[in-house]
Amino acid sequence: MQTDQLLIASNRGPVRFAYDENGDLESRRGFGGLVTALGGALQDEPGTWVSVALSDTDRRVAAEHPGTFEVDADGSRFRLSLVDPGYERFEAYYNRIANELLWFTVHGMWNAPYEPHRPWSSDWRDGYLPVNRQVAEAVLEAGGDRPEVHLHDYHLLTAGRTIRAHWPEAPILSYIHTPWARPRELAMLPDEVARDALEGLLQADVVVTSAPEWSSALRRCTHETLGARLSGETVEHEWGRTRVTDVVLGVDETALVSAADAPATREAGERLDASRDGRRLIVRVDRTDLSKNIARGLQAFELLLERHPEHRERVQHLAICNPSRQSVPAYRAYVEHCEQLAARIAERFGEQTIDLRVVDDYPAAIAALQRYDVLLANPVRDGTNLVAKEGPALNHADGVLVLSREAGAVTTLSGGAITVNPFDVEDQAAALHLALTMDAGERAERANRLRGAVTIGAPEEWLGEQRRLLREAVEARRG
Ligand code: G6P
């Protein structure tokens, strides 16, 4: 696939930087679902990537490398442009608007009688909008004659406005990796924010989400908030038309096989086999994000042990949770809450029953996915939930997947998974019991079905389909 023509913009970039003790710059591949997906598709020709400086180290790199520069990371060569909004503006754009206001809205996570309650307008006008303009300007600068712009996620909802204003013919695709809010939920945003966000998104020729549920919600929002006309997947608005559709994302098998083969994964697996002490494993692997529903997972496990004493000596819940967004107070409180729940379970049923690890430990996560008897992926709401797909691809124990009906992955995995209501702890406890007591034949059959489904929309195919949609839309626009 010819990907050198792509111009990609996302908040988190594909490369992580660090300076060693001699002051030399080290670069490693970045992490997160977005980078995992695109990294797989852009293996050979990474295109040009505009991203935002997220840390002091990134800011130093940005100052040392203005404009576009080339960098190697774990064997791939990237052309990068790093946008530095400065600390204050970044805080408003990333932590207060993207991670609180927008993230909580698209995941339907507000506690309505109390939240949202903060005044947002200055963070929006002086933080989010200017950073989006800065990213758009970097795109225009790096773009030259490049024929495709791909904007990623809820951080960059309004960047399309600036790009379109200066480059009216630009082929623009926006991909939303998160869920999208239903119209009544979007209406919890300040009206100005909701309108700006939708008008910004509709500058794209194509907007893609990861599941039909989210693209349908987005189309309905454009109708209810902006009065756009809907015709199938096409949204007709004052300045033209936008196709709002979905392209399912599957796993990158090659990357998973090489992660599974790594010596660090094998060593982590040996340690894990020793620490599980012969017990069966209920595993979860997540960022410590409120949307992942880690707390209800722990409560469901506690209820399982309460109602089914036969599991107490035989099962362990291993939760490997990568610390995430710890500068947002609600996220710090959530980790504490989960740790308290885990301590209570240990006290009631024994230390061996629960192993909650708040760590960034990729080898242990891969080793756990290879070994689970049950994989719990119970998000409150999730764009896809890639772990629910990576698990069955890696697992060699015919493990059972317990999957939230609010995860985008349910579109392709419902045939093999046990689906649950993520808000109902009893339902999840019952699903865990069912998974643990399922006979070997059914486990094998379900695992087989899942293995067949998880590669649908593998990264190259996923990106190829988006590019096809964009070409089609641009040809139609140009008549
Ligand atoms: C989700 C978002 C990504 C984001 C990732 C990690 O998967 O869709 O855009 O990069 O979470 O979150 P963070 O705030 O650490 O980038």
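Both counts, for ligands and for their atoms, begin at 1 and track the order of listing. Keep in mind that this is a model prediction, so the values were computed, not measured.
Put simply, the side chain of Thr265 never gets that close to the backbone of Ile366: no donor and acceptor are under 3.5 Å apart.
Note: Tyr94 and Phe90 have parallel aromatic rings, judged against thresholds of 30 and 60 degrees for the angle between ring planes. Ring geometry for Tyr93 versus His155: interplanar angle of 30 to 60°, hence tilted.
Protein heavy atom in closest approach to atom 14 (O) of ligand 1: Tyr94 OH, 2.5 Å. The protein heavy atom nearest to atom 4 (C) of ligand 1 is Arg325 NH2, 4.3 Å. At the top of the distance list for atom 8 (O) of ligand 1, counting protein heavy atoms only, stands Asp153 OD2, 2.6 Å.
For ligand 1, none of its N or O atoms has an N or O atom of His155 under 3.5 Å away. Every N/O-N/O distance between Tyr154 and ligand 1 stays at or above 3.5 Å. Between Arg12 and ligand 1, a contact under 3.5 Å exists for at least one N or O pair.
Sorted by first and then second residue, the salt bridge (Lys or Arg N to Asp or Glu O under 4.0 Å) pairs involving residues 81-99 (not counting sequence neighbours) are Arg96-Asp123.
Here the two rings, on Trp120 and Tyr128, have centers that are 6.0 Å apart or farther.
If you look at Arg287 next to ligand 1, the close heavy atoms, those under 4.0 Å, all belong to the side chain.
Annotation: cation-pi geometry satisfied between Arg60 and Tyr19 (NZ/CZ under 6.0 angstrom from ring centroid, within 45° of ring axis).
The His177 neighbourhood of ligand 1 comprises atoms 8 (O), with distances under 4.0 Å to a heavy atom of that residue.
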